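All ligand and atom numbering here is 1-based and tracks the order in the structure. Quick caveat: nothing in here was measured; it's all calculated off a predicted structure.
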Amino acid sequence: MTDPTDTTGPRSGRVVVIGAGITGLTAAFTLATRHPGIDVTVLEAADRVGGKILTTPFAGRPVDCGADAFLARVPEARDLCAELGLSDVLASPAERSALVWTRGALRRLPAGLVLGVPTDLDALTSSGIVSPAGVERARLDLDVTEWPEGGPPADPDGRGDMSVGELVRGRLGDEVFERLVAPLLSGVNAGDADQLSVAAGAGQLAGAARANPSLITALRAQAKAARDAQADPDAPVFYGLPVGTQTLTDLLLSRLTAAGVPVHLRCPATALVRTAGGWSVTTPLGTIVADRVILATPGPVASRLLAGPAPTVSSHIAELDYASVAMVTLAVRRTALGHPIDASGFLVAKTDHLPTLTACSWASTKWAHLADPDVAILRVSAGRFGDTAALELSDGDLVAALTADLATTMGLTEAPIEARVTRWVDALPQFLPGHLGRVRTWRAELAECAPGVTVAGAAYDGLGLPACIRQGRQAALDAA
Ligand SMILES: Cc1cc2nc3c(=O)[nH]c(=O)nc-3n(C[C@H](O)[C@H](O)[C@H](O)COP(=O)(O)OP(=O)(O)OC[C@H]3O[C@@H](n4cnc5c(N)ncnc54)[C@H](O)[C@@H]3O)c2cc1C
């Protein structure tokens, strides 16, 4: 990979960016702003840019249909927002606490959780989420002095990786895993945390697991180090954009347009062929010749385009699994709710699953800009990896099924006054243990057999917006 600080090297020629989600747009924007000598063209299959980022009006406000927040403690998304002049409008959630549906009730998550792993066992006991026996099992972790794996697991590159289930069940027991860690991580990738790579899906836990054989001790030490460094304990964990996350991709598009970068919509790349001097990309507009190509599409599309020039990498990428989810936005009268909406929302424990609902964000409590004295806006998720039954329902049946689950959990007594269904099919990649190591291998093989072609985006080094932005930046540096 190119050293990000290296400002030497070729600064001309044409780069074609395939896919105008956050990754591709960031790559094109980085090239256009840092390397104006390079001729950049963006191809997008859909009739809009943004990919999994979409904001549309709902109940009179702009409400996200997909991503509505990004991690604040890593710099990439914050820095991109700053570069786009958005720093002053960033909002942090008005309500940070969350609940979990378990043991027949909505129970508040205890203070001191790190990706669901408890560091305050008294708070865990008071939460009622885990049985007394479950707390005692978690407490055993404090006595562990040797790594059960025979040495520190998973390094940052994914070597020695294991699943989150294997790590957390082994250290703190099944109850903590099933009622806290799994629901929290499944809320991110709609997957099975028993199959999720610690290195790719829970990097903070991987770091802690390497630091100390006792996970709780390591996480407490991390928290103490942050306090000693006088890190602000109230610093936002997440940021969002009050007029919607799509502000980010809309602004990237307008900056690209202003810089003269063509962004072709309804223009899927259908073939990628190596030529004597570089690459030719087949599109409905004809063949576009490129010196370098950034493939910022979902994995299956990248796999199809690489089938000719890089068949081995193509077949490996094709093995990646994806989860499909529906994001159903509901407006309900507050008086029809039997539960206070005094948190950012709730998750559903792995062991206590409801017929359809997998998570519910109380959007109008979470975000001050969506607050309304009479109406609650709920973003309700359905569908998970390996279970597409909810996605197969009609819109009406899906809303009815979720309304029934909200009656069970929140005492909802009447149908929503407005509903919007967004289906995200094959949207969330599932990272099995060893994923990051495999991606490293794919990239090395690609450099060998398809020089000048880079892959970037949610399928590779992480699916959150900061990880996608980081990959877009890196792809631009590699292509410059
Ligand atoms: C419901 C949901 C909620 C989420 N919430 C959050 C959140 O709160 N915070 C967070 O950080 N992340 C969240 N994510 C994850 C995050 O939104 C995505 O991982 C990220 O937006 C993916 O960006 P990308 O650019 O890699 O891919 P995509 O957004 O998938 O973009 C790829 C683009 O390639 C285009 N394309 C496909 N085929 C072709 C072709 N042949 N030629 C040209 N173009 C093509 C597609 O149309 C698309 O526009 C969420 C995801 C979902 C689905």
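Expressed to the nearest 0.5 Å, how far OG1 of Thr249 lies from CZ of Arg48 amounts to 7.5 Å. For the atom pair CH2 (Trp424) and SG (Cys65), the distance works out to 6.5 Å, reported to the nearest 0.5 Å.
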When you pair each N or O of ligand 1 with protein N or O atoms, which pairs come out under 3.5 Å?
from, atom 1, to, atom 2, distance (Å)
ligand 1, 8 (O), Asp68, N, 3.3
ligand 1, 8 (O), Ala69, O, 3.3
ligand 1, 9 (N), Ala69, O, 2.6
ligand 1, 11 (O), Leu465, N, 2.8
ligand 1, 19 (O), Leu463, O, 2.5
ligand 1, 25 (O), Ile22, N, 3.2
ligand 1, 25 (O), Thr23, N, 3.0
ligand 1, 25 (O), Thr23, OG1, 3.0
ligand 1, 26 (O), Thr23, OG1, 3.0
ligand 1, 26 (O), Ala458, N, 3.0
ligand 1, 29 (O), Lys52, N, 2.8
ligand 1, 30 (O), Lys52, NZ, 2.5
ligand 1, 41 (N), Ala269, O, 3.0
ligand 1, 42 (N), Ala269, N, 2.9
ligand 1, 44 (N), Ala45, N, 3.1
ligand 1, 47 (O), Glu44, OE2, 2.5
ligand 1, 49 (O), Glu44, OE1, 2.7
ligand 1, 49 (O), Glu44, OE2, 3.1

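Note on ring orientation: taking the six-membered ring where Trp is involved, the planes of His339 and Trp362 are tilted (angle from 30° to 60°).
A side-chain donor-acceptor contact under 3.5 Å links Arg61 to the backbone of Ala59.
The side-chain contact (heavy atoms from CB on, under 4.5 Å) test with Val117 is passed by exactly one of Leu184, Val181, Leu180: Val181.
The number of heavy atoms from other shown groups lying within 6.0 Å of CD (Glu448) does not exceed 12.
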